[in-house]
Amino acid sequence: MKFNITKTNKGVIQYILPCLVMVSVLVSCTKFLEEKPTANLTSAYNFTTTEEGNALAVAGYRALPAVYTGGGGDYGNQLAGVLEYWTGKAWSGGSHPQLTIYQTNQISGSFIQNFDNYWNNNFAGVKDCNNALQKLGGITEYTADQRSAKIGEVRALRALYYFNLVRYFGDVQLDTVLRSFGESQRPRTSLKKVYDDLIIPDLEFAVNSKLNDTYANGQMSKNAARAILADVYLTCAGYPYQEVATAPDKAWCTTGAWSQQTYPVVSNSAKDFLTKAKTNLDYLYGKYTMYSTYAQMRDPANDNKLEAIFQVQFELGISNMNGVIGAYCPSAARCAELTEFGTIIPEPTYVNSFSSADLRAQERQYFYTSDLTLARFDPTQPIVRFSQPHVFKFYDEAGIKSNLGTTLNYSIYRYSDILLMLTEVNWALTQNSVTVPADDVLKGINAVRARAKLPAYTIGQINNLTIFSERAYELIFEQKMLWDQRRSRKCLIDGSGAFGIENFIGHQPAKFNYKFGPRNLLAPISQAEIANNGNCLQNFDYNPKQKGQ
Amino acid sequence: MQFKHLSKPPGNSRSLLTISMLRIIKLAMLMLFFTCTQVNANGISNPPIQVRGKITNQKGEAVQNVSVLIAGSQVGTTTDNEGRYSITVPSNTASLVISSVGFKTKTVKVGSQTEINVSLDDDVSGLNDVVVIGYGTAKKKDVTGSVSTISSKRLLERTTVNLGQALQNKIAGVQVISNGGGVPGQNPLIRIRGTNSITAGNDPLYVLDGVVGVANPLSTLNPNDIQSIDVLKDASATAIYGARGANGVILITSKRGVGGKTQITLGSNVARNVLQRHVYALNAEQLSYLYLQTMMNAKKFGNVIPGNDFRATAQGGEGNQATNTFSSMLHLFKAVPAGAYSVPLLGADGQYYKPMYDTNWETLMFPGSTSQAHYVSIRGGNENAKFSVSLGANDEKGLMLQSSFKRITAKITGDITATKWLKISTTLGFNKSRATGDDGITRSATEVWSILPVKYPMDAPAAYAGRWASNFDFKTGEQWWNVLFRRDQIYQQNNVGQVTGSFNATAQITKDLSFKGDFSIDYNNYKNNGYSGKLYGGTGSASVSGTQAYFWQNENYFNYNKQLGNHSISAILGLSWQRNQFQNFGASNSVFLSNFYGYSNLGAGAVARPGVSSGDGGNSLNSYFTRANYSFKEKYLLTVTARQDGSSRFGANNKYGFFPSVGAGWKISEENFMKNVSALSNLKLRGSWGKTGNQEIGNYQTQQFISTASILQYGSVQTGLVPSSVANPDLKWETTTQYDLGLEIGLLKGNVNIGVDYYNKLTSDMLLNVPLPLSTTTGSVLRNYGKVENKGWELTFNTVNIATKDFRWTTDLIITANRNKVVQLGPTGAPIYQQSGAGNATTIIKVGEPVGSFFGLDRIGTWSTLEASAAMRYGRIPGDLKFKDRNNDGRIDLLTDGAITGRGFPDQIYGLHNTINYKDFDFNLDIQIVQNVNKAFIKESAEDRQLVSGGLNTSLNAWRPNNQNTRVAQFRPGNGGAIYNYQSFSDSYIITDASYIRGQNAVLGYSISEKLTKRMGLQKVRVYISAQNFFLRTKAEGYDPEGSSLDKNLSLGPNSDKYQYPTPSIYAFGLNVSL
């Protein structure tokens, strides 16, 4: 393109110049407007290498700290506490956790982040797993065995998140893929179907995958999957699964038509689940070493060792925000670096229900009633006495006394739980007319009792009261009691040196101003989900309700 | 050079294409230059005449920068600082058109004169003022759109550092709402004709000397450097900025060089900032009373076991009572005889006690401060080359200790007439600023116990001697460090370094046609430094983070002007390329051996895994625009604009958006039938319609991302890949359609001018962050969904009340009334709530309601003793808060029992401005009135959690058996009784009427008479005193009725005050000298 400029007629230039501009207008320069992000991968990326596969798979663990030790949406409020407040057995020293709404039956899904967070955190885990599972098949660098192990690992994690969701909320959205916004408003699926179609197949897959039985580094293992699976089968042998199974198409969660309260459930289905649970528990029996002292339980040196089957991992300077550790300490008592917490405290009547002979009830075993002031606040380090016992079983001294954070792992499953499940399953089988040797029933619970310096039970002493009491003693504040109450529909009554037991419906914890009803068997769906998912119905008797509900 | 930025990686087809296009343009420009030589050579046919003269005002004073144009052409000059001009006119038949802002335009025939001196008459109508309209200028009287101008003089009446504050209360339709109260360096919220969008930005587009979308315009520009600010409001005016015009456009024009004698001006001012209002915390005696009352109620409100004489530290009655009594806290209490102190504080030892200290933390933390500002400028040049250099330095001190905004500004401009047909302009601006925040201290100031000292004296008990006091020393409640200790230990600084430069060349192709090419850059370097001291957090933690942002633009356009008899045509046609790129990084460390290192040596920290982060990104815009103005007999005006914008931020099929507008004007007063109406000097009716867009969303929203996450697993840190966003490949522009109808009336020879505008805006295809179910997605997606409407009136009155040689009094009144309404929201229509947790003022965005509405429970009062059984239904007892149970389900729930409790944006804003000039004195007064607006004064912890921390003395209005008609609940230990705890959820109680009248600004100036200054060898000397925010009438609580605390600073919900930083009254003294 050459112009003879000096001789160019001005009119021609005038004509040509706008044309040139117009040409550039017409040649739409789309490349200039293309977006090529450099800081993050997009979904269009083709994942093929081992490193990429491993990175996708490890994401399945991401949500665990949030689910088990994460916050409940306000200062010092912990999800771990939120699971205990419902039971009537926990108290809070802070005003933020809103224990009051549990005590006065004012619970709703509106703006109470307790419910948002438990929902969102578990579903975040589900989505991380689904994302990985959608892509692991394309990792060409994996051998078939590697792929099987990775898929097994991620599916077991997904099952765990779903297990939490169905126990807390009942029916939930069942999904194995990530959704685009156009198809995101999905209705809830029957909890029975979630167990049948996802939780159980995922765990069975993991148990039959190329995973190892155990890993020293805390990885999801076949044994961990067996522990979860045993818990799932035991839960399915109870409520609400067994009641839903009587009429699978009925809208149980939204009508709150729950009425059954007999435990254990006697049915072919229950017997079948219990038998499968027994298989897994029998496999695990003897494979783990009990802590010889309770101090071992709170020693970070024993992370992923001894009784630990599956834990949330914490490491100094890397991930040290085990938020619940602070929540068990008294707030503002100046004896812990972690302040403004003190929100998960056993009701004194719960502590009183321990036998005085129980080693766990002794000072600085499971509980403590005083501690030294931090030197930072007072160099003379006077003793602060608490007006009521606090939980000591998670007392990681280094973490509590230094401001660098706690590093103690948090047990999701530990061996004592397996031992107590073993007793319950075998006993429940006997109630379903299955012959089980007495020792199979007793060996679990008596091992736990022996460590607590309590006398062994005989077979005649095994019943709902003794089984659930022992679970309440041994597993206090390990996020088990709410599930125990819901699957058995039995509640322990606080006493002196011992518990009583009664049906869930009609039970009134000492500090509550109402009796439990069907409403209290499930948590409300959070307002965010109700508002943004027009197909998601609210649980019985909770606000906010879905339009037209 | 600029082509490097066009592409990544270099050398691909995209860049080649771009380069070749730009080359064509360059070539075209080159050709133009040659052509123009010819054009000009051909154009001159008659013998030229040299004309010179002086332009003065009514007082006979020289007026600088007056435009002297040869009538019917673009050829002209401006007067120098002595009011002198010199121009070559083609022949003696030519006329000169002499015009300047603030004066009536005069046309003078040259004839045989070679010296033409002209005295200009004042003009308050502003009709002949030149307004900047984007890619050009126009006379106000010829504009069909709604455009308002602020002159440099008006801008500088207030001694403000921030341009946003300087804009406050000056233009109808523009709301300027302070953010963060009086935090120095904070940018106010600016809304032109309301809130248009929910997710995309609502800030206007700022254009600085043609740099479109310049960064930090409010905080880093020095108002002294600004010649004028023009605000484009309706679509006819803003559509030329198409995709970014929906929120209005603010055009900022810098002062430039002037011909003639070099002019040096100096300006300095010193300002004293003082606390205007107070937030009253409980003093020691009130706190002692509250303490005793709270303890007496402890059992009533839960399972608190109060001690014999003291409730110790932790949850309800914990602790060793023997060690936690008044008698054991001899660092705070001293023994007194029984009855010697108004509150009987009985110790375990049987003695009575009294607090030793009664500290007023507010006084200590906000002691008042002194700011200063200095400015120097040098402007000069000749007809062919003009320059300006200016330097400014500001040291604005906040009311809080060690709180400041420091800024250095520098600007160089050059205007060169290279040849008769080629003009080159360059501008280079440099700014550097450093701002501090409030570091959470404003809240602490209310929550520190008044019974603490700042530091214990050396003779205090051993554990306390010489130590900073903390709330823990009074052994109940939470840890709050005293504010002076916090101030000593925590500091955070935001640094901005900015270079903005532009180079442009204008070639006159023919007499009527010119071409302008512009290349500009805006380079910004942001750096945040923070340190939290060892004694505060324990180990010390420091962070440094930064962002480097680079922007360039290349704009080229033709400008055509033609007068054909009664027809006058002007038009532009152009195209524009723009690109933004940024990279950010952050690093943090903790566990420092000493506070010595601060944030200066992150490597000195010892934490196992120091924080590190980085990211980058960018976006591009490619635009084509045109505007045509046509007027017939200067009576009938028509403006048509269109802009096609392409943005990288939108989906592949929706990159481009088209934004047209049309505006029409009818100067009725020019009609023959109106000529006889002598009272009416101007009557103009104008109307416009158009579409503008909004693209202020993040980058890369059309893509679905897999992000990285650090996960501790398998015994070490692993990088995990997690789904992090939902893609919307169909994303497109948000569009605002606006109608405007305006009437301009001039009466009594232009001494009374009235402007009325009615507008109606509808934003549709709104860029809305639609929340998605978290059960199936990662949370939300940006979609084109929903509609928001803004309708309103703008009224402007200008009057010259008295105008004599010695005395002149003018008044401006502006009124802004905007009504905002959400017309449609996301797919489920669900309202969007913000800030819904305890301790917040929840806001709601709901169909049928205005953006910025407060939402909450209705706090009716407190349950009375007679209502004990009714209270039981809610698990409450007399003395507890009583809320309205709207659905009567026996449960109090924020969402289902809540309702709208107030409005964050005002219905009406009035600005009243008076100017009086008497001989050498000048006086300005600005009054602002804001009506029908609410503010949330959030009292979390200050009233509701007694003994968790100090608090407000309004707590004393609590429920008592003999004071049951109150909305403050009975005292109870905040950290104790779980069932009957007292938590601040958003409710009607925190909402107050925030209407106000403010004495915004008053200035009294004195200019030393010219005779005297001449003798001193100076041109002008003016001294002034001013008072800002000098009076305030409002019912609202807190330091100021307007604005939010920094942590509640929402673009969609102003006036959320949770311990806002106080707004000072400012008294200043200043001096301006022209050499």
Side-chain angles (χ1 to χ4, degrees), chain A residues 5 10 13 17 20 24-25 31-33 35 37 39-43 55-56 58-59 61-62 92-93 95 99-100 103-104 106 108 110-111 120 123 128 131 173 175 179 181 184 186 217 313 315 317-319 330-333 339 342 378 385-387 403 513 527 529 531-534 543-544, chain B residues 14 21 24 28 31 34-35 305 313-315 317-318 320 463 478-479 538 607-609 615-616 620 622 624 646 648 655 700 703-707 709 711-715 717-723 726 771-777 781 828 830 836 875 891 893-896 978-979 981 983:
Chain A
I5 294 163
K10 136 187 161 195
I13 287 289
L17 278 171
L20 286 175
S24 57
V25 172
K31 290 274 182 186
F32 183 69
L33 301 179
E35 285 197 317
N40 273 309
L41 298 171
T42 68
S43 55
L56 288 162
V58 79
Y61 295 92
R62 176 178 68 144
S92 166
S95 50
L99 171 58
T100 176
Q103 293 174 322
T104 57
Q106 298 274 318
S108 86
S110 314
F111 304 133
N120 299 345
F123 268 116
D128 290 344
N131 180 58
Q173 285 74 2
D175 241 336
R179 298 285 171 180
F181 63 82
S184 61
R186 299 177 64 79
N217 63 13
Q313 307 290 310
E315 200 66 62
I318 298 171
S319 174
S331 78
T339 59
D378 193 337
R385 293 187 202 288
F386 321 144
S387 64
N403 47 28
N513 72 352
Q527 77 89 20
E529 187 73 21
N532 302 322
N533 182 352
N543 281 326
Chain B
R14 160 175 54 153
M21 287 177 58
I24 291 167
M31 290 187 302
F34 285 97
T35 320
I305 310 153
T313 52
Q315 39 285 352
E318 285 191 342
N320 183 339
E478 288 176 356
Q479 170 168 317
V607 82
R609 206 165 174 255
D616 58 15
S620 314
N622 169 216
Y624 308 91
S648 60
K655 294 266 186 220
Y700 311 138
Q703 314 211 26
Q704 183 158 352
F705 285 102
I706 310 282
S707 299
I711 296 160
L712 173 65
Q713 193 52 238
Y714 319 134
V717 180
Q718 311 289 322
T719 300
L721 288 168
V722 299
V726 180
L772 296 175
L774 276 157
S775 55
T776 52
T777 71
V781 68
T828 61
S836 55
R891 297 187 185 113
D893 172 59
L894 179 56
L895 180 67
T896 41
I979 286 189
N981 73 7
Q983 203 31 300

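Chain letters run A, B, ... following the sequence lines, proteins first and then strands; every chain starts at 1.
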> Quick one: of P544(A), A39(A), S108(A), P37(A), who has the most non-hydrogen atom pairs under 4.5 Å with chain B?
Replying inline: P37(A)

>> Please give me the minimum heavy-atom distance between N131(A) and L721(B), naming the atom from each residue.
In response: ND2-O, 3.8 Å

> Which atoms form the tightest heavy-atom contact between N533(A) and P773(B), and what is the distance?
Replying inline: CB-CG, 3.6 Å

>> Looking at R179(A), is its backbone amide N or carbonyl O close enough to the side chain of T777(B) to form a donor-acceptor pair, meaning the two atoms are under 3.5 Å apart?
In response: no

>> Show the nearest heavy-atom pair for residues A55(A) and T719(B), with the distance to one decimal.
In response: CB-O, 3.2 Å

> With a 4.5 angstrom heavy-atom cut-off, which part of Q106(A) approaches chain B: side chain, backbone, both or neither?
Replying inline: both

> Among G615(B), G720(B), P723(B), G646(B), who wins on heavy-atom pairs under 4.5 Å with chain A?
Replying inline: P723(B)

>> Taking the side chain as everything from C-beta on, heavy atoms only, tell me whether V58(A) gets closer than 4.5 Å to Y714(B).
In response: yes

>> Any side-chain to backbone donor/acceptor pair from Q703(B) onto E35(A)? Under 3.5 Å, distance only.
In response: yes

> Which bit of V722(B) comes within less than 4.5 Å of chain A, counting heavy atoms only: side chain, backbone, both or neither?
Replying inline: both

> Quick one: what part of L894(B) sits under 4.5 Å from any heavy atom of chain A, side chain, backbone, both or neither?
Replying inline: both

> Closest heavy-atom contact between F123(A) and L774(B)?
Replying inline: CB-O, 3.5 Å

> Pick from R186(A), Q527(A), Q173(A), R62(A): which one has the most heavy-atom pairs with chain B under 4.5 Å?
Replying inline: R62(A)

> Between atom CD of Q313(A) and atom CD of Q718(B), what is the distance when rounded to the nearest 0.5 Å?
Replying inline: 11.0 Å

> Do you know which of A463(B), S775(B), S707(B) has the most heavy-atom pairs with chain A at a distance under 4.5 angstrom?
Replying inline: S775(B)

> Taking atom CG of N543(A) and atom OG1 of T896(B), what is their separation to the nearest 0.5 Å?
Replying inline: 4.0 Å

>> How close do N622(B) and F32(A) get, counting heavy atoms only, and between which atoms?
In response: CB-CD2, 4.1 Å

> Of all heavy-atom pairs between P771(B) and N532(A), which one has the smallest distance, and what is that distance?
Replying inline: CB-ND2, 3.4 Å

